[in-house]
Amino acid sequence: SGADTLAVSIGNVHGATPVPPRLDLARLEAIASWTGVPLVLHGGSGLDDAQLRDAIAMGISKVNVNTELRTAYRDGLMRPGPNAELAVVLAAGRTAVQAATRDTIDRLGATGLLDRAAWP
């Protein structure tokens, strides 16, 4: 097709769910063997660490975790309290997202893999 990446549907879902999703790793393995492009996992929030690491080992090169980051931001905004200055509230949200991002990078086994000096 000429696509640079391929987002797969292997049991992953967007958003929070009452029951954590289970990835169909056999399907992922088959898709990875049929295609030569990096695979993307939309709906990575809520998956346990073992599933995420297995998916990465089988060819997932990008994981989207929007729900976790939005939840961290919302919770961070609430921490300073209702009478806090706006700058303090926004800084708390930003700090919470930074912490959640670091946690997600750790959970994915990607800590230290990016050379920040190579960023544009």
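These numbers were taken from a predicted model, which means no experiment stands behind them. Every heavy atom of this structure was used, including side-chain atoms; hydrogens, water molecules and symmetry mates were not.
In plain terms, the two heavy atoms of Ala96 and Ala72 that are nearest each other are CB-O, 3.2 Å. In this structure, Val89 and Ala84 approach most closely via the heavy-atom pair CG2-CB, 3.8 Å. Gly46 approaches Pro21 most closely through the heavy-atom pair O-CD, 4.2 Å. Closest approach of Leu25 to Met58, counting heavy atoms only: O-SD, 3.6 Å.
Ion pairing between a basic and an acidic side chain is recognised when a charged N comes within 4.0 Å of a carboxylate O; Asp48 and Arg22 show such pairing.
The distance from atom CD1 of Ile60 to atom CG of Leu28, rounded to the nearest 0.5 Å, is 5.0 Å. Atom CG of Asn12 is separated from atom CD of Gln51 by 10.0 Å, given to the nearest 0.5 angstrom. Atoms OG1 and CG, from Thr5 and Leu39 in turn, are 8.5 Å apart once rounded to the nearest 0.5 Å. If you take OG on Ser45 and CZ on Arg70, they are separated by 8.5 Å, rounding to the nearest 0.5 Å. The distance from the CZ atom of Arg107 to the CD atom of Glu68 is 5.0 Å, given to the nearest 0.5 Å.
Put simply, Val40 and Val65 are part of two different groups of oily side chains (I, L, V, M, F, W, Y) that touch within less than 4.5 Å, one to the next.
You'll find the side chain of Leu108 stays beyond 4.5 Å of the side chain of Arg53, heavy atoms only. Between Tyr73 and Thr95 the shortest side-chain heavy-atom distance does not fall below 4.5 Å. Using a 4.5 Å cut-off on side-chain heavy atoms (C-beta onward), Leu23 and Leu52 make no contact. Looking at Val97 and Arg94, their side chains never come closer than 4.5 Å, going by heavy atoms from C-beta outward. Taking 4.5 Å as the limit, some side-chain heavy atom of Arg27 sits within range of a side-chain heavy atom of Ile31.
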**Report entry** Criterion side-chain contact (heavy atoms from CB on, under 4.5 Å) on His14 and Thr67, from CA distance to verdict
**Finding:** CA-CA 8 Å; His14 288 273; Thr67 301; over 6 Å; no
Report task. Evaluate the criterion side-chain contact (heavy atoms from CB on, under 4.5 Å) for residue pair Ile10 and Leu41; output intermediate values, then yes/no. Result -> CA-CA 9 Å; Ile10 55 169; Leu41 184 68; 4.1 Å; yes
Requested in this report: Walk me through it: do Leu90 and Leu77 pass the test side-chain contact (heavy atoms from CB on, under 4.5 Å)?
Outcome: CA-CA 6 Å; Leu90 295 176; Leu77 292 175; 4.2 Å; yes
Report task. Under the side-chain contact (heavy atoms from CB on, under 4.5 Å) rule, what do Asp4 and Val37 come out as? Steps first, then yes or no, please. Result -> CA-CA 6 Å; Asp4 294 323; Val37 298; over 6 Å; no
